[in-house]
Colleague: 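Quick one: structure below, then a few questions.
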Amino acid sequence: MNDEAKRKPFPLPSEVGPVPGAEDWGDMYPYYMHFQPEDDKRFWFYNSMHFTNPMPAFDTITGEIAYHAMGACTTRVFAFPTALGIDWRILNGRVYITANPVTDPAEVERRLEVFQKRAGHYYENWNDIYTGWEKRMRELIISMDAIEVPELPEFEDERVVLETRGIAQNHFVLEAFQRCIQAYSVMWHHHFEMLMLGYGAYVVFFQFCKKAFPEIDDQTVARMVAGIDVLMFRPDDELKKLAARAEELGVGDVFTDDGDPDVILPAMKALGEPGERWLAALEEARRAWFNISTGDGFYHYERSWFDDLSVPLSSLKHYVKLLREGVTLERPTDQLRKERRRIISEYRALLDSEEERQAFDQVLGLSHQVFPYVENHKFYCEHWLTTRFFNKVREFGALLERYGLIEESEDIFHLHFTEVEQALSTVMTAWASGSGPVGRDHWKPIIARRKALLETLDGWQAPPALGPMPEQIEDPALQMLWGITAERLEAWSAATTEAAANEIRGYAASSGVVEGIARVVRDSGDFGDIQPGDILVCPISHPSWGPLFAKVQAAVSDIGGTMSHMAIVAREYGMPAVVGTGEATRRIRSGQRIRVDGGRGVVTLLDEAA
Amino acid sequence: MSAAPEVGILWFDDIGRADVARVGGKGASLGELVRAGIRVPPGFVVGTEAFSNFMDSADPGFELRGEVARLAAGAIEATERVTRRVRERIAQSPVGAELESALARACDAIRGAAGFAVRSSATSEDSDEASFAGLQDTYLWVPAAEVADRVRACWASLYNPESVSYRRRFGLPEDGLAMGVVMQAMVDAESAGVMFSRSPTTGDKSVVTIEGSWGLGSSVVSGEVTPDKFIVNKVTGEIIHRAIADKAIRHRRDPGGSGVLVEEVAAGRREVACLSDEDLAALVALARRCEAHYGCPQDMEWAVAGGAEGKREIYMLQSRPETVWSQRETEAVSKPREKAFEHVFSVLGGPRK
């Protein structure tokens with residue numbers, strides 16, 4: 001490697017050219033999402049953990065509002081001593097982010113004083129605050145669900161006159177839309193309200209363990225922290241119960257591989273009472289637990305199980321098969337709990353003094369205290385509220401379609417939310433004026449072009465990072481959630497500069513060695529390709545992919561740390577997993593034979609040809 | 001194994017860690033392992049009393065040993081000259097008919113032993129032991145007929161110029177000098193090596209570090225091969241590090257008679273791991289038992305032999321408290337705070353002054 005390559009392992013933002021055929025990608029996004037010349041001086045990394053795919057214009061809201069809330073939390077609300085917020089940009093449709101550190105010791109000191117009082121209040125009252133948090137979140141979801149999109153009838157409802165309300169329906173079009181956006185924003189503020197403090201507790205425990213046991217691997221530390229009863233496991237648990245219920249009722253033969261509800265539900269109904277009883281059980285589970293995204297809640301097209309029953313239903317045939325083979329589907333929670341207790345007590349006993357053991361109890365206790373929030377918040381935020389939010393936006397899409405401003409309701413997601421407001425304003429004017437909408441054909445060609453752009457951009461392999469590499473990454477969120485550390489960056493940069501050998505390195509997330517056929521899965525649309533015994537290779541795994549883990553024998557991801565979803569699930573299933581490789585989906589092809597060594601964090605490509 | 005008491009001889013079964021003064025550290029620790037129920041190749045110790053009796057008859061009136069005591073530290077030539085005379089005297093002095101026949105009977109009592117390891121067993125218990133013991137001799141694959149000579153050679157090794165220089169440098173007395181000699185049935189080791197119940201590099205007590213190579217462990221201890229290295233998590237049993245080395249040579253029994261020869265390892269075997277995952281698990285379990293028995297991290301030697309019906313038999317050849325890290329003053333990882341969350345402030349509060 002020459003000096004130049006050493007100094008600049010990643011390209012500068014300004015050096016990355018457009019994708020051929022998508023030179024006008026920038027028109028999709030507002031000016032403030034574009035890289036600026038001065039951004040070349042900073043280090044950015046591709047947030048493929050949250051934003052795997054090119055961003056549709058509307059879906060940028062999942063970055064825009066999330067980063068408003070996250071930055072506010074660290075910079076302004078709690079005043080994290082060493083970390084301000086996140087800056088983000090879009091390049092060729094992909095989201096790059098950078099953290100703003102605080103490095104001046106006097107400034108850190110000043111912020112620490114503010115932080116201590118505020119963070120202390122939350123830690124001290126954590127459980128009560130979390131109880132209140134869940135209540136507020138449920139209320140928020142209910143209130144957002146209740147927002148009505150005005151129907152804009154020919155004549156206004158006469159009550160507007162007789163009850164002297166005095167405000168016409170077109171006023172409520174924009175008001176309702178803005179209330180949806182506000183609910184979404186409120187969700188994100190609550191999302192970060194406790195999250196960064198939760199990560200802080202994790203970081204403290206990780207550091208303690210690394211200092212006391214220099215050779216301990218991250219996955220073992222994570223096993224001591226992870227709780228057993230986590231909401232995100234519930235949807236999959238419910239499915240397993242539904243499979244068992246179907247067998248009890250003798251209706252287990254109805255399920256199909258594709259899980260098509262239009263086939264399965266009528267077939268159930270046709271079976272009479274047992275079928276009806278199973279359908280009732282399904283409906284109950286669906287209402288309570290199926291508000292779970294098939295992704296991580298960052299794209300409108302990641303529908304929930306609630307919306308697209310084929311996703312959960314497609315797992316049932318396999319679960320029924322396992323039951324008939326005598327396999328126990330329930331998670332062995334007692335055994336998991338016992339094993340966790342054993343590991344904790346053995347590590348504790350290895351400490352040098354009673355004083356250290358007391359400190360260990362404190363930092364582990366703190367991690368256990370924050371764990372339920374850190375794990376469960378996703379269920380309420382990224383899954384339940386987010387999938388409902390996108391559905392609400394679809395209702396506005398239907399309104400725009402009715403007025404002929406877009407071809408179909410789903411097209412609304414190709415407009416930034418401020419552009420949606422412009423389109424809604426057109427509707428409000430048209431309804432009021434009694435003439436047709438102005439510029440009826442304004443959005444349609446724009447949307448068509450954007451759809452084509454996204455397809456072109458989809459093939460672009462985004463560099464894992466841009467700009468000059470920093471020496472240290474101290475931000476706790478980056479370390480914990482994204483698995484980004486200085487060593488990881490070194491590995492990524494080595495991968496981009498050296499001729500690739502047949503190995504891919506990542507975090508050792510769950511130990512064991514397995515060889516098999518790789519199956520690259522980018523979203524739930526690829527689920528059908530998975531054969532039992534395959535090795536799952538994905539950009540990042542999503543909680544709703546739980547059922548997949550019953551089918552595969554190992555898992556590999558581009559992004560994720562040792563507390564990521566895949567790592568936790570893989571350890572529970574006792575299957576090898578390597579996470580945070582940065583490049584697995586780029587280098588591994590479906591059908592290729594690979595070996596996964598989850599204990600060392602190494603994936604080996606066994607055949608090059610495919 | 002425990003036969004009728006013989007003069008000067010103490011069986012492993014009858015001794016323990018309290019007997020260092022009578023049998024030396026190595027002998028005492030082997031007895032202790034037997035006591036803990038750990039598989040140790042059978043054997044016995046020629047006690048320190050036998051050594052004192054021998055020296056008193058070989059050097060009546062403390063004449064030669066007095067000269068040794070008067071040597072100045074660093075007087076290389078004088079040390080060479082005086083110690084040669086002591087060693088010559090030892091070589092010419094008879095072990096004694098009584099001890100000689102006791103040794104023969106004891107060796108005979110260990111059935112199936114094709115040869116013996118004869119190793120000196122020093123009595124000093126302090127931290128110098130490791131370095132001090134390293135200056136004395138070990139003989140492997142000694143036939144029963146040569147055992148008495150080797151015992152005498154071990155005794156003589158206390159008067160190597162290196163041993164004496166060491167004692168003079170640290171001002172250790174000559175009149176209290178004592179040594180046991182361990183006699184132990186040889187294990188026809190397929191692979192052997194050393195093991196620490198903590199990390200020798202970081203001191204981490206949650207791992208077991210194992211180094212091993214083909215053949216006798218002497219190739220590993222002497223540093224003649226780069227051994228395979230394994231680090232195993234003591235708590236979860238996971239093998240967290242595995243480095244398979246190119247093991248060019250091995251030590252094995254000299255088929256011509258007594259002693260050890262060095263031979264090349266067949267090309268196809270050199271880069272094969274000398275331990276299976278099952279062997280590693282068994283070794284870790286043994287390490288944990290030794291550690292639990294002593295109540296502190298251990299520094300161990302082991303050997304794996306092919307037993308009956310292809311069964312693998314693992315023997316402990318040595319276990320002694322680890323001395324490097326346990327002597328180090330370490331700062332507490334963290335101290336308890338008034339409130340648990342205060343730990344967060346010190347970690348997220350930036351680098352402290």
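Side chains are part of it too, since the values below use all heavy atoms of this structure and drop only hydrogens, waters and symmetry mates. Convention: sequence-line order gives letters A, B, ...; per-chain numbering from 1.
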Colleague: Look at A:Arg111, A:Gln358, A:Glu346, A:Gln369 and state which one has the largest set of heavy-atom pairs under 4.5 Å with chain B.
Modeller: A:Glu346
Colleague: Out of A:Ala119, A:Gly512, A:Gly120, return the one with the most heavy atom pairs under 4.5 angstrom to chain B.
Modeller: A:Gly120
Colleague: Please list, in residue-number order, every residue in residues 231-241 of chain B that has a heavy atom less than 4.5 Å from any heavy atom of chain A; write 'none' if there are none.
Modeller: B:Ile231, B:Asn233, B:Lys234, B:Val235, B:Thr236, B:Glu238, B:Ile240
Colleague: Which salt bridge (charged side-chain N to carboxylate O under 4.0 Å, His left out) pairs, counting each pair once, include a residue from residues 187-201 of chain B, with sequence neighbours left out?
Modeller: B:Glu190-B:Arg312, B:Arg198-B:Glu322
Colleague: What part of A:Asp217 is in contact with chain B, defined as an atom under 4.5 angstrom from a non-hydrogen atom: side chain, backbone, both or neither?
Modeller: side chain
Colleague: Is it the case that the side chain of A:Gln362 and the backbone of B:Pro336 share a donor-acceptor pair, with hydrogens and angles ignored and the cut-off at 3.5 Å?
Modeller: no
Colleague: Heavy atoms only: give me the nearest B:Lys205-A:Asp352 pair and the separation to one decimal.
Modeller: NZ-OD1, 2.6 Å
Colleague: Mind checking the CD-OG spacing from A:Gln207 to B:Ser334? Nearest 0.5 Å is all I need.
Modeller: 10.5 Å
Colleague: Above 12 or not: heavy atoms from other molecules or residues under 6.0 Å from CZ of A:Arg76?
Modeller: no
Colleague: Under 6.0 Å from the CZ atom of A:Arg337, do we count more than 12 heavy atoms belonging to anything else shown?
Modeller: yes
Colleague: To check you understand the geometry: which heavy-atom pair defines the closest contact between B:Val344 and A:Val204, and what is its length?
Modeller: CA-CG2, 3.5 Å
Colleague: Please look at A:Ile343 and chain B and tell me whether the side chain, the backbone, both or neither of the residue comes under 4.5 angstrom of a heavy atom of that chain.
Modeller: both
Colleague: By the definition side chain to side chain contact (heavy atoms under 4.5 Å, CB included), identify the one residue from B:Val333, B:Asp204, B:Thr202 that meets it with A:Phe213.
Modeller: B:Asp204
Colleague: If you draw a 6.0 Å radius around CD in A:Glu107, do more than 12 non-hydrogen atoms from other residues or ligands fall strictly inside?
Modeller: yes
Colleague: Atom CD of B:Glu331 and atom CD of A:Glu356: how far apart are they, to the nearest 0.5 Å?
Modeller: 10.0 Å
Colleague: Not counting sequence neighbours, which residues clear side-chain contact (heavy atoms from CB on, under 4.5 Å) with B:Lys339? List them please.
Modeller: A:Glu124, B:Phe341, B:Glu342
Colleague: First locate atom CZ of B:Arg337, then atom CG of A:Leu366, and finally report the distance between them rounded to the nearest 0.5 Å.
Modeller: 12.0 Å
Colleague: Flag yes if more than 12 heavy atoms outside A:Lys211 fall under 6.0 Å of its NZ atom; otherwise flag no.
Modeller: yes
Colleague: Heavy-atom distance under 4.5 Å to chain B: side chain of A:Ser353, backbone, both or neither?
Modeller: neither
Colleague: State which residues pass side-chain contact (heavy atoms from CB on, under 4.5 Å) with B:Val194; sequence neighbours excluded, sorted by chain then number.
Modeller: B:Phe196, B:Glu211, B:Val220, B:Val221, B:Glu301
